[in-house]
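We count ligands from 1, going down the list as the structure has it; atoms in each ligand are counted the same way.
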Amino acid sequence: MFKRIPGISLGCDYNPEQWSPGVWREDVALMREAGVDLVAVNIFGWSNLEPSPGRYHFEDLDEVIGLLHENGIRVNLGTGTSSPPPWLSSLHPEILPAAADGTIRFPGGRQAWCPSSPVFREKAFALVEQVAQRYGSHPAVALWHVSNELGCHNALCYCQVSAEAFRGWLRERYRKIETLNEAWGTSFWSQRYSDWSEIQTPRLALSLRNPAQIIDFHRFSSDELLGYYRGELEIIRRHSAIPTTTNFMVTAHIRNLDYWSWAPEMDVVANDHYLDHRLGDPVAELSFAADLTRGLAGGKPWMLMEQAAGAVNWQPHNLTKAPGEMLRNSLTHVARGADSLCFFQWRASAQGAEKFHSALLPHAGTDTVAWREVLRLSETLDRIGEVAGTEVESDVALVFSWESWWSAEGEARPSQAVTYLDEVHRAHRALRELGVTVDIVAPGADVEKYKLVVIPCLYMISDEAAENINQYVGNGGSLLVTFFSGIVDERDRIRLGGYPGAFKDVLGIHGEEFAPLLPGHEVTLSNGATGSLWTERLRTTTAETIATYTDGPLPGVPAITRNGNAWYAATQLDRRGLRELMRSAVESAGVTPAGPESNGDVEVVRRSKDGRSYLFVVNHSAQSVQIAGEDLVSGKLITELKAGDVAVIREAGND
Ligand code: GLA
C-alpha cells in the first residue's frame with residue numbers, strides 16, 4: 001500500500017513551512033527527479049495552521065498537498081499536533097510537563113506537553129478534527145501520521161496532572177489499595193498507603209525509590225501516550241478510512257514506550273532509525289532495530305519512517321556516511337522487512353536547531369555526492385521492487401522486553417555496569433556473525449515454530465511467559481539463556497528458592513549468589529573464553545557443566561551449562577566465547593544459517609513468499625565475497641560481490 005507502484009517506496013519528511021512557495025515548486029520537481037513518491041507533511045504544522053486560538057489557516061497546506069498530488073506524489077499526512085504553538089503554552093502553562101525533580105520543562109524546544117493534560121488534548125484534538133475533516137478523503141493522502149515520535153521527549157511527566165492520572169491508572173489495575181500495597185511491597189521502609197490520594201509519581205527522592213512504583217509508572221506512561229494516540233485515531237476514523245500510523249523509536253537511546261502493546265493498534269508499523277556512533281557497532285544495532293521492528297509488525301513488511309542520508313546533528317560527534325554507506329543501511333532495513341524507506345528530511349534546513357542535520361537535498365544542492373547517492377538508492381529501489389510483500393525467514397527467536405529493560409536498570413541492583421540492551425545486542429550480534437537471521441519476539445509470544453529461543457538478560461518475566469518458555473523446552477525446543485534472566489516477576493518481586501527462579505528447572509541449575517566483577521576485570525573459563533561483569537555462585541542439578549571459571553572469585557564453579565536442549569551462560573562472555581556458545585546451540589537445534597559466518601560485516605538475509613525468494617547480501621567489509629546468482633541490483637549474473645556493495649539474488653523458484 002505504501003509501495004512504489006509496484007515496489008518499495010522512497011519518501012521523506014517535508015517541512016515546506018520553512019521555505020517560500022517558489023522553493024516548493026523546485027522541491028517537487030526535484031522529488032520527481034529523485035523518485036520520491038511518499039512525502040510526510042504537516043509534522044510540525046500547528047503554529048502555521050492555527051496561528052491564534054481557533055483561527056485556522058489551511059491555504060498553504062492545501063497548496064502543498066495539491067502540488068504533490070499533481071506530481072503523483074502520495075502524502076503521509078501529519079496531524080500537526082506534535083509541538084504546540086507558543087500561544088497555547090502562554091495561555092495554558094499547565095500543559096507543560098514536569099521532570100523527575102519536579103521542575104517544569106519550558107517551551108522553546110518541541111513536544112513540551114504533558115501526556116495527561118486534558119487542556120492539551122482538547123486543543124490538539126480540535127486541530128485533528130479540522131485536519132481530518134479537510135483532508136480525510138483527499139486523493140493524495142495515502143497515510144495518516146499521528147503526531148510525531150510520541151514520547152520522544154515527554155514520555156515521563158511528573159506533574160500533578162500526571163500524578164492524578166497515575167492514581168486513576170493504578171485504581172484500574174489494582175482495584176484495592178491493599179492489593180497495590182502488596183504489589184509494591186510497601187511494608188519495606190514504611191511506605192504503606194492508606195489511601196489512593198497519597199500516591200505520587202516517583203519523583204526524585206532523598207534515597208532509593210520504590211522499584212515497583214517506578215515500573216508501574218513506566219507502564220502507566222506508555223499506556224497514557226497510547227491512549228493519546230487512540231484519541232487522535234478516533235477523530236481521524238470519523239472522517240477518513242485511510243490507514244494510520246505513528247513513528248516508533250526502536251533505537252538504542254529511547255526506551256520509554258512498550259511498543260509490544262502499541263504495535264497491534266497501528267495499521268502499518270513504522271520506525272525511525274538513526275545510526276548511533278556512541279555505540280560500539282552502530283550497524284549491528286541497526287540490524288537489531290530492524291529485526292525488532294519486524295517483530296512488532298508480526299513479521300509483516302513495515303515502514304522505515306525516518307533515517308538520515310548523512311549525519312545527524314544531535315550526537316556529540318556527527319559522522320557523515322561514506323559513499324555507499326547509506327545504500328547499505330537502506331538495504332539492511334529492506335532485507336529485514338522494510339517495504340518503505342523514508343528520510344528525515346527532504347531539504348536541509350537553513351535555520352533552526354536542525355540546520356546541521358543532513359537531508360536528501362543538502363545545503364550545497366544537487367551537484368553533490370550526497371544527491372548522487374540519493375539517485376543511486378532510488379534506482380536500486382526501482383530494480384529490486386519485486387521483493388515488496390515478501391517476508392523474512394527465521395528459525396530463531398530472541399525474547400525482548402521493554403518492561404525488563406526498565407526494571408533491569410533500576411536504581412539498586414547487583415551491578416550498574418550491566419545494561420540490558422548491551423546484553424541483547426551481544427546475543428543478536430553473535431547470531432548475526434553466524435549468518436543466522438533472528439526474529440525478535442515478546443515474552444509470552446508463541447515460539448513453537450522456532451528451533452531455538454534466545455533469552456538474554458531478561459530480568460523480569462511473568463509466570464505465564466516463563467511457563468510458555470518452559471513448555472516450549474518441554475516440547476523439544478532449544479533454549480539459550482544468559483545471566484540475570486528470570487529473576488523477578490512482573491511486580492519486581494524476587495523469585496525465591498534459587499536463581500534464576502523462572503528458568504532454574506529447565507536449565508537444571510541452582511544459583512545461590514550473584515558475584516559481579518568490577519568493570520575492566522576478567523575471569524578465565526576452562527574452555528578458553530573469558531567472562532566480564534558478572535559471575536554467580538551456582539551448582540548444577542540436572543545440567544552438565546560445559547565450562548567452569550579457572551580464576552576470579554569463583555574458581556571451579558560452572559560458568560556455562562547445558563541441560564539437554566537448554567544452555568546457560570552465567571557470565572558476560574567475550575565476543576568469540578559467546579559466538580562459540582551460540583554456535584553449539586544453533587547447531588544442536590538444527591538451525592541453518594542464511595549466509596556465511598563473518599565478523600558481522602557480511603549480512604545475508606532471505607525474504608520469501610509464495611514461491612518467490614530473494615537473498616539480500618550487504619557487504620560492509622573491505623573484501624569481496626563469493627556469492628553467485630542473478631542479482632537484481634546490478635541486473636547481472638554475479639559470482640562475487642565487491643567490498644561495500646549490495647546484492648539481491650533472485651533465487652530459483654521465482655517465476
Ligand atoms: C526525529 C524526529 C525528526 C527529526 C529527527 C532528527 O526522528 O522525528 O523530526 O528531529 O529526529 O534526527
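For the residue pair D60 / N48, no side-chain donor-acceptor distance below 3.5 Å is found, with atom types taken as modelled. For the 3.5 Å distance criterion, the side chains of E232 and T81 qualify, holding a donor opposite an acceptor. Side chains of T390 and R607: a donor on one and an acceptor on the other come within 3.5 Å. Between the side chains of T244 and R237, at least one donor-acceptor pair of N or O atoms lies under 3.5 Å. Side-chain atoms of D101 and Y158 include no donor-acceptor pair closer than 3.5 Å. Side-chain polar atoms of T245 and W144 form no donor-acceptor pair below 3.5 angstrom.
When non-hydrogen atoms are compared, ligand 1 lies under 4.0 Å from neither the backbone nor the side chain of I43. Counting heavy atoms under 4.0 Å from ligand 1, residue M249 does not touch it at all.
Atoms of ligand 1 lying under 4.0 Å from any heavy atom of W314, numbered from 1 in the order shown and given with element: 6 (C), 12 (O). Near F44, the atoms of ligand 1 lying under 4.0 angstrom from a non-hydrogen atom of the residue are 9 (O). Near D272, the atoms of ligand 1 lying under 4.0 angstrom from a non-hydrogen atom of the residue are 7 (O), 8 (O). With ligand atoms numbered from 1 in the order given, ligand 1 contributes 1 (C), 2 (C), 7 (O), 8 (O) to contacts under 4.0 Å with heavy atoms of E149. In the vicinity of R110, heavy-atom distances shorter than 4.0 Å reach the ligand 1 atoms 2 (C), 3 (C), 4 (C), 9 (O), 10 (O). Using a 4.0 Å cut-off to heavy atoms of E306, the atoms of ligand 1 that qualify are 1 (C), 2 (C), 3 (C), 5 (C), 7 (O), 8 (O), 11 (O). If you number the atoms of ligand 1 from 1 as listed, the ones under 4.0 Å from a heavy atom of N148 come out as 2 (C), 8 (O), 9 (O).
F288 and F400 have their aromatic ring centers within a separation under 6.0 angstrom.
Where the criterion is an N or O separation shorter than 3.5 Å, residue side chain and backbone included, E354 meets it with respect to ligand 1. For ligand 1, the polar-atom distance check against N313 finds no nitrogen or oxygen pair separated by under 3.5 Å.
Between K300 and D339 no salt bridge is recorded (no basic side-chain N to carboxylate O distance below 4.0 Å).
In terms of protein heavy atoms, atom 6 (C) of ligand 1 is closest to H357 NE2, 3.1 Å.
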